[in-house]
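Side chains are part of it too, since the values below use all heavy atoms of this structure and drop only hydrogens, waters and symmetry mates. What you see is a predicted model; the values in this text were computed from it and never measured. The sequence lines fix the lettering, A, B, ..., with proteins before strands; numbering per chain opens at 1.
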2 protein chains.
Amino acid sequence: MKNVTLKQLRYFEALAHHGHFGRAAEACSITQPALSVQIKELEQDLGAILFERAARQVRLTTLGEAFLLRVQDVLRAVEGLGDLARASHTGLVGRLRLGVIPTIAPYLLPTIITRLSRAHGELDVFVRETMTPKLVQELLDGRLDAAIVALPIGEPSLVETELFSENFVLIRPRAEAGNPVPNGEELRRMRLLLLEEGHCFRDQTLAFCNIQSSLPRDGLDGSSLSTLVQIVDAGMGVTLIPEMAVSVETRAASVSIARFAEPQPSRRIGMIWRKTNPLGEQLMQVAEIVRQAGRQIRGQSS
Amino acid sequence: MKNVTLKQLRYFEALAHHGHFGRAAEACSITQPALSVQIKELEQDLGAILFERAARQVRLTTLGEAFLLRVQDVLRAVEGLGDLARASHTGLVGRLRLGVIPTIAPYLLPTIITRLSRAHGELDVFVRETMTPKLVQELLDGRLDAAIVALPIGEPSLVETELFSENFVLIRPRAEAGNPVPNGEELRRMRLLLLEEGHCFRDQTLAFCNIQSSLPRDGLDGSSLSTLVQIVDAGMGVTLIPEMAVSVETRAASVSIARFAEPQPSRRIGMIWRKTNPLGEQLMQVAEIVRQAGRQIRGQSS
DNA sequence: CATTTTTCATAAGAAAATTTTATCGCAACC
DNA sequence: GGTTGCGATAAAATTTTCTTATGAAAAATG
């Protein structure tokens with residue numbers, strides 16, 4: 001059964017339906033001999049007779065009838081393949097494996113997922129939250145389709161598209177609300193709370209203060225922005241958080257929020273994926289949706 | 001999606017499995033370009049990209065993965081077609097629509113069905129019990145596969161194969177058990193009970209007595225051998241029944257059973273089917289099973 | 001950093017398959 | 001008994017699919 005063709009199965013179905021070689025051939029837009037030959041070959045491949053050729057009547061054998069049912073299933077399944085492909089033209093289909101860094105994920109994801117499933121109901125979104133190097137590696141390994149990270153990444157086999165920029169704001173205990181806002185240099189001499197090693201946001205903060213990240217520091221390292229804010233709330237220091245995190249993280253804390261003077265510290269957030277990914281166009285659609293989600297969130301918090 | 005080939009689907013599966021054009025091609029026993037071309041054509045047919053070709057790695061796209069699942073279903077279903085055909089080589093498969101005349105059916109069918117399902121478990125036997133002309137018609141119309149009738153039929157488009165012969169025996173009230181056994185001529189003058197018009201057994205009985213079947217008769221016509229025997233039991237006449245019916249029909253009646261002198265009245269029972277039926281060989285197998293069933297039954301009643 | 005290797009895509013010619021046209025043979029129908 | 005309808009078969013034409021040869025790009029190697 002190595003040589004069975006879909007063509008043969010289609011012809012078979014037509015002949016079963018019409019019970020007449022000539023008309024079945026016509027329905028298939030071929031000539032009658034072509035049909036005869038293909039049916040004969042199918043029967044030979046199978047080593048069994050599917051049709052009983054009586055004078056003036058072509059009838060399915062018992063085997064033929066059992067066959068017909070299965071063949072129809074097969075043909076229908078093949079049509080289904082076409083449908084699947086067609087559906088993927090229109091929009092995104094299947095599964096999107098999206099990585100997001102931890103300093104973005106909690107604030108952006110709810111909105112992204114809402115918007116994605118509104119725009120592409122057929123899409124299963126699988127989210128991975130981890131730090132940039134891991135995301136990049138998993139992207140390169142093909143275990144992720146795209147990731148939302150801070151730019152630039154500079155990996156040549158990845159495409160980067162910018163989503164938005166976000167400023168960092170200073171979080172201080174409420175008691176210090178009236179104090180002048182320090183600049184980067186002054187922050188170095190304050191008790192500045194940072195995220196653990198590996199978070200890009202830690203490096204971005206340090207860069208603002210002109211501190212070598214490798215230098216030993218006395219500060220407590222928090223595992224999340226949420227933790228940092230709680231420590232500040234306890235009066236044990238100050239910290240920076242991206243403005244997108246402000247409304248969520250300061251809701252339950254009595255801390256003061258201060259913007260820096262221009263040029264404010266900030267970072268560019270973007271989406272990345274493999275250059276070779278043929279679904280680049282669709283990923284661009286996803287990026288656009290994330291962009292809108294970002295706008296919406298920054299609109300709410302301002 | 002009119003031009004998708006099973007070949008393409010098989011190649012697709014191989015490539016998905018190996019993730020490497022060269023090795024997949026080898027697995028398919030073709031060269032790498034042939035595979036490349038077919039995959040490309042499949043993708044074009046579908047209007048969608050199934051594989052992401054990265055340097056040193058060929059990976060399924062999200063769509064490709066969804067595809068793979070369906071494609072495997074299709075390929076498996078096609079293999080199933082082959083299995084079905086192969087199964088039909090070995091023995092009978094599917095459905096056997098068998099017609100049987102009423103004067104045979106009750107006595108032979110239980111044994112036939114037992115034996116058939118023992119020999120061919122996959123076979124669904126559908127039985128139709130009616131008189132010869134209807135059976136022949138339904139056979140010719142393709143609504144039956146075979147029929148068990150009294151020979152000869154003489155329909156040129158049907159094959160006949162003899163199964164066995166059976167004698168007719170005389171059934172009389174027990175009171176008449178001692179009387180001499182009449183011959184055909186003498187029967188004409190007795191109160192001979194017959195089946196209704198249309199039963200071949202009626203005609204066979206009349207032929208034995210040299211009676212024109214069209215002649216008006218005073219006798220009561222019974223609708224089954226069972227009925228006839230009951231009427232005899234009530235002392236209202238005598239009748240003939242095929243020996244195969246004896247043990248069943250006389251079990252609950254107090255009648256006497258008498259064999260005729262040679263040449264005993266008898267009939268040939270055979271199986272018939274369309275000459276054009278390509279399953280003739282299998283039907284011959286069925287005939288053989290019926291033959292054995294007949295032997296078994298006559299063995300019991302003797 | 002240049003060279004070689006690996007790997008997929010493409011092109012051209014060869015082989016195989018499918019299809020069409022033409023024709024035959026059989027059985028039904030008039 | 002000729003005619004017609006229908007499927008099978010044969011030969012030729014066409015299309016499809018394959019192989020061989022080659023190209024191009026990225027990765028591995030020295």
Taking [X] for its side chain and [Y] for its backbone only, find out whether a donor-acceptor pair lies under 3.5 Å.
X: A:Arg291; Y: A:Glu162; value: yes
X: A:Glu160; Y: A:Gly154; value: yes
X: B:Glu43; Y: B:Leu50; value: yes

Handout entry: Donor on one side chain, acceptor on other, A:Arg53 and A:Ser36, under 3.5 Å
Key =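 There is no such pair between these side chains.
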
Handout entry: Any A:Arg59 side-chain heavy atom under 4.5 Å of B:Arg274 side chain
Key =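 Yes, side chains in contact.
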
Exercise for the section: Answer whether the closest heavy-atom distance between the side chains of A:Leu98 and A:Asp145 falls below 4.5 Å. Expected result: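 SC-SC contact between A:Leu98 and A:Asp145 ruled out.
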
Handout entry: Whichever of A:Gly19 and A:Lys7 has its nearest DNA chain D nucleotide further upstream toward 5'
Key =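 The residue mapped nearer the 5' terminus is A:Gly19.
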
Problem - Comparing A:Thr5 and B:His20 on DNA chain C - which has the more 5′ nearest nucleotide - result: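 Going by which nucleotide is closer to the 5' end, it is B:His20.
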
Starting from [atom2] on [N], measure out to [atom1] on [X] and report it in whole angstrom.
X: A:Ile39; N: C:dT18; atom1: CD1; atom2: P; answer: 13 Å
X: B:His18; N: C:dC8; atom1: NE2; atom2: C1'; answer: 17 Å
X: A:Glu52; N: C:dA27; atom1: CD; atom2: C1'; answer: 15 Å
X: B:Leu42; N: D:dT17; atom1: CG; atom2: C1'; answer: 15 Å
X: B:Leu35; N: C:dT7; atom1: CG; atom2: C1'; answer: 13 Å
X: A:Asn3; N: D:dT17; atom1: CG; atom2: P; answer: 14 Å
X: B:Glu43; N: C:dC8; atom1: CD; atom2: P; answer: 13 Å
X: B:Tyr11; N: C:dC8; atom1: OH; atom2: C1'; answer: 17 Å

Check the interface with nucleotides 28-30 of chain C: list each N/O to N/O pair with the protein under 3.5 Å, or write none.
none

Exercise for the section: Give one of base, sugar-phosphate or nothing for A:Glu41, where a contact means two heavy atoms less than 4.0 Å apart. Expected result: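 The answer is sugar-phosphate, as A:Glu41 gets under 4.0 Å only of primed atoms, P, OP1 or OP2.
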
Practice task
Classify the nucleic acid contact of B:Phe51 as base, sugar-phosphate or nothing, counting any heavy atom under 4.0 Å across all strands shown.
Solution key: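 No contact.
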
Exercise for the section: Report the distance from atom CD of B:Gln282 to atom OG1 of A:Thr62, rounding to the nearest 0.5 Å. Expected result: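 The OG1 atom of A:Thr62 is 9.0 Å from CD of B:Gln282, to the nearest 0.5 Å.
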
Handout entry: Straight-line distance of A:Leu108 CG to A:Ile101 CD1, nearest 0.5 Å
Key =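 Here the rounded value is 10.0 Å.
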
Are there any protein N/O atoms within less than 3.5 Å of an N/O atom in nucleotides 9-12 of chain C, and if so, which ones and at what distance?
from	atom 1	to	atom 2	distance (Å)
C:dA9	OP1	B:Arg53	NE	2.7
C:dA9	OP2	B:Ser36	OG	2.9
C:dA9	N7	B:Gln32	NE2	2.9
C:dA9	N6	B:Gln32	OE1	3.3
C:dT10	OP2	B:Lys40	NZ	2.9

Practice task
Name the orientation class of the two ring planes belonging to B:Phe51 and B:Phe12 (parallel below 30°, tilted from 30 to 60°, perpendicular beyond 60°).
Solution key: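 The rings of B:Phe51 and B:Phe12 sit tilted, inter-plane angle from 30° to 60°.
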
Problem - B:Gln38 side-chain N/O to D:dC18 phosphate OP1/OP2 under 4.0 Å - result: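 Checking B:Gln38 against D:dC18: at least one side-chain N or O falls below 4.0 Å of OP1 or OP2.
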
